[in-house]
Amino acid sequence: MKVLVIGGAGYIGSHVVKELMAKGHKVTVFDNLSSGLKQNLFAENDFIQGDILNTTDLDAAFGRGFDAFIHLAAFKAAGESMIKPEKYSVNNITGTLNILNSATAHDCKYMVFSSSAAVFGEPQYLPIDENHPKNPENYYGYTKLSIEQFMAWYDKLKGLKYAALRYFNAAGYDPEGVLYGLEQNPANLLPIIMEVACGMREKMKIFGNDYDTRDGTCIRDYVHVTDLAIAHVKALEYISSKNESLTVNLGSETGTTVTEMVEAARRITGHAIPADYVERRAGDPACLVASAKYAAEKLNWKAQYSDIDTLISTTYNAYKKFNSEKK
Ligand code: UDP
């Protein structure tokens, strides 16, 4: 298929592009390079530097004619969204509405969307399946939930068929080592741990150790970015072959605490990784762990690279490679 990947120069986007190419799809990347990197682009693909807030850019892109698109262009720092909600309203919500309007105007009716486990909020039961109540605890999660609802309306009114992929915590890097462009100013746990391990920052903070979990720190379900990339391609093939929308959770079904992740990183990297326990961060649920049963049933998908050692070692390798080339 001819696929437009919006946000394809970013961390998850570039891994999705690599997987699409491996499966023989023809890819064009659309990215404003605000956080995406030229280094993440593949020479074989067309690249459009454009912004989802600019409808002229979007119309020019969709005007080229695509069978499908994948939308990964969003801000994703849950903590920041509680302090700067307007940034998330404009980019995540307005930007996505622009995309929906331009795509449907140009008859591009298959969409794979990066949603998030943040749509659920504090769990009422575990593991979290697709039917779990949606009550986002941070504004970022609310933007994702509202976009899921917009897509459902565009399905009814415009015939858009979409896959909403609710990622749990994306982590890790390309196990083949082809992609190692690091995110600038990361806010997520594993990149912060790696910055400390690689001497790019002195120490890290662990946000809260008084949660009702086995060691008091938050539990998350970390899922490897290559596993997510594989799921995108399977989801695209599913919605286009069945002409049917799909909303699915993507996780490893394993919960890891923040302290466990830091300790595993100390073991694997051999670095001390100093960490201080500090106040809780606003908008953090204590525990998020996925049920991936539905993904297995519908997409024949199961996480293969998402064990903690692979997550940490592939990330550490990317950091070492990126930093050594910078020198
Ligand atoms: N976290 C932390 N220190 C950091 C960054 C994250 O203790 O510097 C914790 C955060 O409070 C949460 C977990 O790590 O419990 C995962 O956070 P992240 O921002 O990576 O993803 P989120 O779960 O918010 O999507």
Side-chain angles (χ1 to χ4, degrees), residues 10-12 35 72 74-85 88 92 114-123 126-128 132 134-145 165-173 182-198 200-225 228 249-252 254-266 271 273-290 306 308 311-312 315 319:
Y11 164 57
I12 300 177
S35 57
L72 311 106
F75 293 125
K76 58 166 187 172
E80 182 194 51
S81 76
M82 300 296 280
I83 300 162
K84 296 182 186 163
Y88 286 71
N92 293 16
S114 308
S115 189
S116 168
V119 300
F120 297 112
E122 195 63 58
L126 290 166
I128 299 173
H132 185 285
K134 282 84 193 166
N135 197 8
E137 193 150 317
N138 51 64
Y139 190 66
Y140 161 73
Y142 174 73
T143 67
K144 295 290 180 182
L145 182 59
L165 304 183
R166 293 183 182 140
Y167 314 158
F168 279 61
N169 286 63
Y173 270 82
L182 301 185
E183 295 181 277
Q184 304 305 301
N185 308 312
N188 290 112
L189 179 63
L190 205 45
I192 302 262
I193 291 175
M194 286 302 139
E195 288 196 352
V196 181
C198 296
M200 300 157 74
R201 74 166 76 205
E202 225 165 89
K203 59 159 112 166
M204 61 171 295
K205 294 175 180 163
I206 295 179
F207 299 129
N209 61 346
D210 56 351
Y211 286 96
D212 184 18
T213 61
R214 51 186 177 265
D215 61 21
T217 64
C218 288
I219 292 176
R220 293 288 181 273
D221 177 328
Y222 296 89
V223 55
H224 197 285
V225 65
L228 293 178
N249 291 354
L250 296 177
S252 67
T254 305
T256 306
T257 71
V258 178
T259 300
E260 286 165 355
M261 190 63 104
V262 174
E263 281 171 358
R266 287 176 180 144
H271 290 283
I273 315 183
D276 290 334
Y277 291 106
V278 300
E279 289 296 291
R280 290 181 177 197
R281 189 176 71 177
D284 271 347
C287 180
L288 293 173
V289 180
S306 299
I308 293 304
L311 289 168
I312 294 174
T315 310
Y319 270 75

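Each ligand, and each atom within it, is numbered from 1 in the order the structure gives.
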Which is it for V258 and ligand 1 at heavy atoms under 4.0 Å: side chain, backbone, both or neither?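 Just the side chain.
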Select one of side chain, backbone, both or neither to describe which atoms of A118 lie under 4.0 Å from any atom of ligand 1, heavy atoms only.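 Answer for A118: neither.
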Separation between [atom1] of [X] and [atom2] of [Y], rounded to the nearest 0.5 Å:
X	Y	atom1	atom2	result
Y319	E195	OH	CD	5.0 Å
Y140	Y88	OH	OH	8.5 Å
I219	L288	CD1	CG	10.0 Å
S81	Y142	OG	OH	12.5 Å

Let's go through S114 and I12 carefully: what are the C-alpha distance in whole Å and the side-chain angles of both, what is the deciding distance for side chain to side chain contact (heavy atoms under 4.5 Å, CB included) to 0.1 Å, and is it a yes or a no? CA-CA 9 Å; S114 308; I12 300 177; 5.6 Å; no
Give the atom numbers and elements of ligand 1 that come within less than 4.0 Å of a heavy atom of [X].
X	value
I206	7 (O)
N188	18 (P), 19 (O), 20 (O), 21 (O)
C218	15 (O)
I192	8 (O)
A187	5 (C), 19 (O)

What is the nearest protein non-hydrogen atom to [atom], stated with its residue, atom name and distance?
atom	value
atom 8 (O) of ligand 1	K205 O, 3.5 Å
atom 17 (O) of ligand 1	R281 NH2, 3.6 Å
atom 21 (O) of ligand 1	N169 ND2, 3.1 Å
atom 11 (O) of ligand 1	D284 OD2, 2.6 Å
atom 23 (O) of ligand 1	R220 NE, 2.7 Å

Show your working on side-chain hydrogen bond (donor to acceptor under 3.5 Å, both in side chains) between T259 and Y277 and close with a plain yes or no. CA-CA 10 Å; T259 300; Y277 291 106; 3.0 Å; yes
Does any N or O atom in L189 lie less than 3.5 angstrom from one in ligand 1, N or O only?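 So ligand 1 has an N or O lying under 3.5 Å from an N or O of L189.
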Please check whether F207 reaches ligand 1 - meaning an N/O of the residue sits under 3.5 Å from an N/O of the ligand, judged on distance alone.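 Between F207 and ligand 1 (N or O atoms, distance only) the closest approach is under 3.5 Å.
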Take atom CG of D276 as the centre, draw a 6.0 Å sphere, and report whether it contains more than 12 heavy atoms from other residues, nucleotides or ligands.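 Buried by this count: over 12 neighbours within 6.0 Å.
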Does ligand 1 have an atom under 4.0 Å from some heavy atom of Y222?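 It does; at least one heavy atom falls under 4.0 Å.
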Among side-chain atoms of D221 and S252, is any donor-acceptor pair under 3.5 angstrom?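 The criterion, which ignores hydrogens and geometry beyond distance, is satisfied for S252 and D221.
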If the test is side chain to side chain contact (heavy atoms under 4.5 Å, CB included), which one of R266, M261, R201 qualifies with I193?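 Testing each of R266, M261, R201 against I193, the sole residue satisfying side chain to side chain contact (heavy atoms under 4.5 Å, CB included) is M261.
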Taking it one step at a time, do M194 and L182 satisfy side chain to side chain contact (heavy atoms under 4.5 Å, CB included)? CA-CA 11 Å; M194 286 302 139; L182 301 185; over 6 Å; no
